[in-house]
Amino acid sequence: MTRAEVHAFIDALATRNPAPETELSFADPFTLLVAVVLSAQATDVSVNRATETLFQVAPTPKAMIALGVDGVASHIRSIGLWQTKAKNVVQLARDLEDKHGGQVPPDRESLEALPGVGRKTANVVLNVAFGEATMAVDTHIFRIGNRTGLAPGMTPREVEDGLLKRISPARLRDSHHWLILHGRYVCKARRPECWRCVAAAPCRYRDKTPSPQPELQAT
DNA sequence: ATCCCGAGGG
DNA sequence: CCCTCTGGAT
């Protein structure tokens with residue numbers, strides 16, 4: 001896909017989806033970072049519910065350390081991987097205090113050295129909290145990238161680089177939002193609903209999936 | 001049953 | 001590359 005095609009695709013997605021950007025609206029870098037760490041393999045609803053009470057008690061690294069692993073765990077048991085995440089979040093807070101003056105470091109290396117923070121999470125924080133031009137490739141964006149033939153057989157890193165070159169920095173933020181929504185509800189891992197897809201560019205799945213009329217899909 | 005707005009470890 | 005961690009959604 002060319003740069004123009006990618007932009008046209010995202011514009012089409014934005015036009016089709018009236019849903020406003022409401023996620024990841026955490027004001028400060030610390031709560032943003034923790035929220036993203038907790039969101040791995042979990043639904044945004046359950047994470048929002050957990051973080052609401054968690055950040056009320058522990059909105060800072062010091063408070064998170066004081067709360068402790070068991071304390072954090074008590075707030076996040078409704079989401080998956082909570083044991084690992086509780087340990088990671090407290091250790092992460094300790095690392096911030098010990099190595100970064102209690103602040104979230106604004107560079108990739110320091111971020112990825114934190115427990116529970118991989119490339120995807122680091123890219124989200126770098127973009128949302130520090131305004132850097134990064135692309136956070138999750139499973140949805142990875143899948144879309146491969147299907148649309150941005151380059152078949154790409155690694156997540158190659159999808160990241162490809163999209164980064166084809167999306168203007170000013171559009172990176174909302175592009176994530178539209179692409180992820182598209183991957184969640186239309187370009188799904190299983191039973192993708194291609195008849196609802198607005199992609200104009202070539203896609204390996206285009207016209208290869210059954211196109212039942214939505215009206216006829218009872219139950 | 002299978003996947004998820006992943007990361008870490010082998 | 002593979003596997004594991006885990007509750008929730010479909």
### Message
Looking only at side-chain N and O atoms, does A:Asp95 offer a donor or acceptor that is under 3.5 Å from a partner on A:Gln91?
### Response
yes

#### Entry: Rounded distance in Å - CD1 (A:Ile79) to C1' (C:dG8)
11 Å

### Task
Kindly write out the residues that satisfy ring-ring contact (aromatic ring centres under 6.0 Å, His included) with A:His182, not counting sequence neighbours, or none if the list is empty.
A:Phe9

With the criterion being N/O to N/O and under 3.5 Å, what pairs connect the protein with nucleotides 1-3 of chain B, and how long is each?
residue	atom	partner	partner atom	Å
B:dT2	O3'	A:Arg190	NH1	2.8

### Task
For A:Arg108 and A:Leu126, indicate whether the former's side chain and the latter's backbone hold a donor-acceptor pair under 3.5 Å.
no

## Note on the structure
In whole angstroms, the gap separating C1' of C:dT6 from CD of A:Gln83 amounts to 8 Å

### Task
Assign each of A:Arg49 and A:Thr84 to its nearest nucleotide of DNA chain C by heavy atoms, then name whichever residue's nucleotide is nearer the 5' end.
A:Thr84

### Residue among A:Arg190, A:Arg191, A:Arg196 satisfying salt bridge (charged side-chain N to carboxylate O under 4.0 Å, His left out) with A:Glu193
A:Arg196

#### Entry: Euclidean distance, atom NE2 of residue A:His75 to atom P of C:dG7 [Å, nearest integer]
18 Å

### Message
With rounding to the closest Å, how many angstrom separate the P atoms on B:dG6 and C:dT10?
### Response
16 Å

### Query
Can you check whether A:Ser39's main-chain N or O pairs, donor with acceptor, with A:Asp44's side chain at less than 3.5 Å?
no

### Query
Is A:Arg171 salt-bridged to A:Asp11, going by a charged N under 4.0 Å from an acidic O?
yes

### Separation of B:dC4 P from A:Ile141 CD1 (nearest whole Å)
13 Å

### Task
Could you tell me the separation between the CG atom of A:Asp44 and the C1' atom of C:dG8, rounded to a whole number of Å?
12 Å

### Query
What nucleic acid atoms does A:Gly118 come within less than 4.0 Å of, heavy atoms only: base, sugar-phosphate, or nothing?
sugar-phosphate

### Set of side chain to side chain contact (heavy atoms under 4.5 Å, CB included) partners for A:Lys62, sequence neighbours left out
A:Thr60, A:Glu97

### Message
Taking side chain to side chain contact (heavy atoms under 4.5 Å, CB included) as the definition, give me every residue that meets it alongside A:Arg157, ordered by chain and number, with sequence neighbours left out.
### Response
A:Arg119, A:Thr155, A:Glu160, A:Asp161

### Message
On DNA chain C, compare the nucleotides closest to A:Arg184 and A:Leu81; which residue's is nearer the 5' end?
### Response
A:Leu81

### Task
Return no unless some side-chain N or O of A:Trp82 is found under 4.0 Å from OP1 or OP2 of C:dC5.
no

### Task
Figure out the CZ/C1' separation between A:Phe142 and B:dA7, and round it to whole Å.
16 Å

### Close approaches to DNA chain B from residues 110-117 of chain A, in residue order (heavy atom, under 4.0 Å)
A:Leu114, A:Pro115, A:Gly116, A:Val117

### Query
For A:Asn88 and B:dG8, what is the distance between atoms CG and C1' respectively, to the nearest whole Å?
9 Å

### Which residue lies more 5' along DNA chain B, comparing A:Thr43 with A:Thr121 via nearest heavy atoms
A:Thr43

### Message
I need the CG-P distance between A:Leu33 and B:dA7, as an integer number of Å.
### Response
11 Å

### Summary
Residues passing the side chain to side chain contact (heavy atoms under 4.5 Å, CB included) test with A:Ala129, sequence neighbours excluded, are A:Pro29, A:Leu32, A:Val125

